[in-house]
Amino acid sequence: MPLWPVYTGAPAPHDGITRLPPPPPWRAFDGGPVLDPPDADGDPAAASPDRAHRAATYQATEDTVQLVNAALYLRRPLLVTGPPGTGKSSLAYAVARELRLGPVLRWNITSRSTLGDGLYTYDPLSRLYAARHTTRPPGAAADAPAPAPAATGVEDHLRLGPLGTALLPYARPRALLIDEIDKSDLDLPNDLLHVLEEGQYEIPELVRASRDTPGGHAEVLVDGADRRVPVERGRVRCHAFPFVVLTSNGEREFPPAFLRRCVSLRLRQPDDDHLAEIVRAHLGEPDGYARQLIHRFLSRVGSGELATDQLLNAIYLARSSGLGADSLDELAEQLMPYLGRSAQPDAF
């Protein structure tokens, strides 16, 4: 059986990830102890019905399949660029579903996001509060009950973020969605370079605490679940490099050093047949009026920016509202306003 492709865009989940060949020598990782991958339903938010629907109905193009496999083989992040509403984030869920990579770890980027937010969070104030409740209050009677023990270790007040969890030494790659990276501070793409290149990071608080802990062992919470995993001497190194999807609306340029470490996918405007496939996957076979809306949608794309979900909303209401033809036409126009003034004929 040929190794390529591992990801096929097929609707049925499979274990094709086990056929992935060894990484290039410069992308090999040896983190441990190796962890079992979590169950697909381990994170209720990641397994929500809307995300499950988007994953199951995603219609991948040939270019998408090829470049997803390139990213998987090369153990490189996939940078997906396109206007809003084109399925950039849905791609991560579709790949995770097909290849059984477990719940998708999601990091939503804002202008205030930092690398530390993605790696882990630590609350020293909660630790101080816990420590105060483990000591006997001043003036307490000698025979007074001792305070109940509290969690005062560093690891008890620390939780890994989505990026930090993705880089744990799992036996299979985890799927990580870094959504809207173009909204970040100018420094974040460069800050990501080292971590994604090396596949590892340190937690300074645990490194310091390990000096006073036999074996330097700590159990920390992961992102999206109340599960603890071992971290040795405050250092985390991946075993299987995660499948990382970074999405961008194309609103800014990225440094060349960042781009050369990514596999870049630009989502392009779907043609009539591809739009019909998308409608079919979400709403069933398109009827005559749905095909009219598809044609109208395509004819308007050249004059401004539109999103596929606008078309889906119009077709859904046309089928379920019971309105007459004139009212449906007026409603369709209202549901499909231009999202941008300038046309982007080759990007979708």
Side-chain angles (χ1 to χ4, degrees), residues 1-25 27-78 80 87-106 160 162-178 196 199 222-225 227 229-230 236-246 263 265 277 281:
M1 180 182 292
L3 297 178
W4 186 287
V6 171
Y7 169 70
T8 64
H14 58 81
D15 290 315
I17 195 67
T18 60
R19 296 188 288 109
L20 194 66
R27 297 295 294 163
F29 304 97
D30 59 357
V34 178
L35 304 173
D36 293 330
D39 295 334
D41 298 329
D43 181 357
S48 62
D50 61 320
R51 292 177 177 177
H53 174 79
R54 284 186 289 162
T57 57
Y58 188 82
Q59 300 297 300
T61 64
E62 183 177 348
D63 284 348
T64 299
V65 171
Q66 294 282 7
L67 291 173
V68 165
N69 281 286
L72 288 168
Y73 272 62
L74 296 172
R75 277 65 168 185
R76 290 290 187 184
L78 181 68
V80 185
K88 299 186 297 296
S89 59
S90 296
L91 174 59
Y93 292 94
V95 175
R97 176 183 181 273
E98 180 180 331
L99 299 182
R100 294 174 174 164
L101 302 183
V104 174
L105 299 159
R106 182 166 185 151
L160 299 184
L163 175 59
T165 301
L167 290 173
L168 287 167
Y170 287 107
R172 286 189 177 192
R174 292 295 305 270
L176 169 65
L177 172 61
I178 303 179
L196 293 179
V222 299
D223 181 71
R227 177 191 178 194
V229 296
V236 176
R237 180 173 173 82
C238 70
H239 180 81
F241 188 78
F243 175 63
V244 182
V245 175
L246 304 108
V263 174
L265 167 64
E277 291 176 2

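The model shown is predicted, which means the values in this text are computed figures rather than measured ones.
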Do [X] and [Y] come within less than 4.5 Å of each other through their side chains, counting heavy atoms only?
X      : Y      : result
Leu91  : Leu265 : yes
Val104 : Phe243 : no
Val244 : Pro173 : no

Of the non-hydrogen atoms in [X] and [Y], which two are nearest, and what is the gap between them?
X      : Y      : answer
Ala281 : Thr57  : O-CG2, 3.3 Å
Tyr58  : Ala94  : CB-CB, 3.6 Å
Val65  : Ala60  : CG2-CB, 4.0 Å
Lys88  : Val80  : CD-O, 3.7 Å
Arg27  : Leu196 : NH2-O, 3.2 Å
Asp15  : Thr18  : O-OG1, 2.7 Å

query: When you measure from the centre of the six-membered ring of Phe29, is the NZ or CZ of Arg75 under 6.0 Å away and within 45° of the axis?
result: no
query: Within 45° of the ring axis of Tyr93 and under 6.0 Å from its six-membered ring centre, is that where the NZ or CZ of Arg54 lies?
result: yes
Residues Leu101, Arg174; criterion side-chain contact (heavy atoms from CB on, under 4.5 Å); working and verdict: CA-CA 6 Å; Leu101 302 183; Arg174 292 295 305 270; over 6 Å; no
Could you grab the distance from atom [atom1] of [X] to atom [atom2] of [Y], nearest 0.5 Å is fine?
X      : Y      : atom1 : atom2 : answer
Leu167 : Phe241 : CG    : CZ    : 6.5 Å
His14  : Arg97  : NE2   : CZ    : 10.0 Å
His53  : Ser90  : NE2   : OG    : 9.0 Å
Asn69  : Leu78  : CG    : CG    : 10.5 Å
Leu176 : Leu105 : CG    : CG    : 6.0 Å
Glu62  : Leu67  : CD    : CG    : 10.5 Å

- prompt: Should Gln66 and Trp4 be marked as a side-chain contact (heavy atoms from CB on, under 4.5 Å) after you check the CA-CA gap, both sets of side-chain angles, and the distance that decides it?
  reply: CA-CA 9 Å; Gln66 294 282 7; Trp4 186 287; 3.1 Å; yes
task: Please lay out, stage by stage, how Leu160 and Asp223 fare under the test side-chain contact (heavy atoms from CB on, under 4.5 Å).
output: CA-CA 6 Å; Leu160 299 184; Asp223 181 71; 5.5 Å; no
Within the distance-only criterion (no hydrogens, no angle test), does the side chain of [X] pair as donor or acceptor with the backbone N or O of [Y] below 3.5 angstrom?
X      : Y      : answer
Arg172 : Arg100 : yes
His239 : Gly31  : yes
Glu98  : Tyr7   : no

- request: Go through the steps to decide whether Asp39 and Arg227 satisfy the test salt bridge (charged side-chain N to carboxylate O under 4.0 Å, His left out), and finish with yes or no.
  value: CA-CA 12 Å; Asp39 295 334; Arg227 177 191 178 194; over 6 Å; no
- request: Start with the C-alpha distance between Leu99 and Leu72, add both sets of side-chain angles, then the distance that settles side-chain contact (heavy atoms from CB on, under 4.5 Å), and finish with yes or no.
  value: CA-CA 11 Å; Leu99 299 182; Leu72 288 168; 3.7 Å; yes
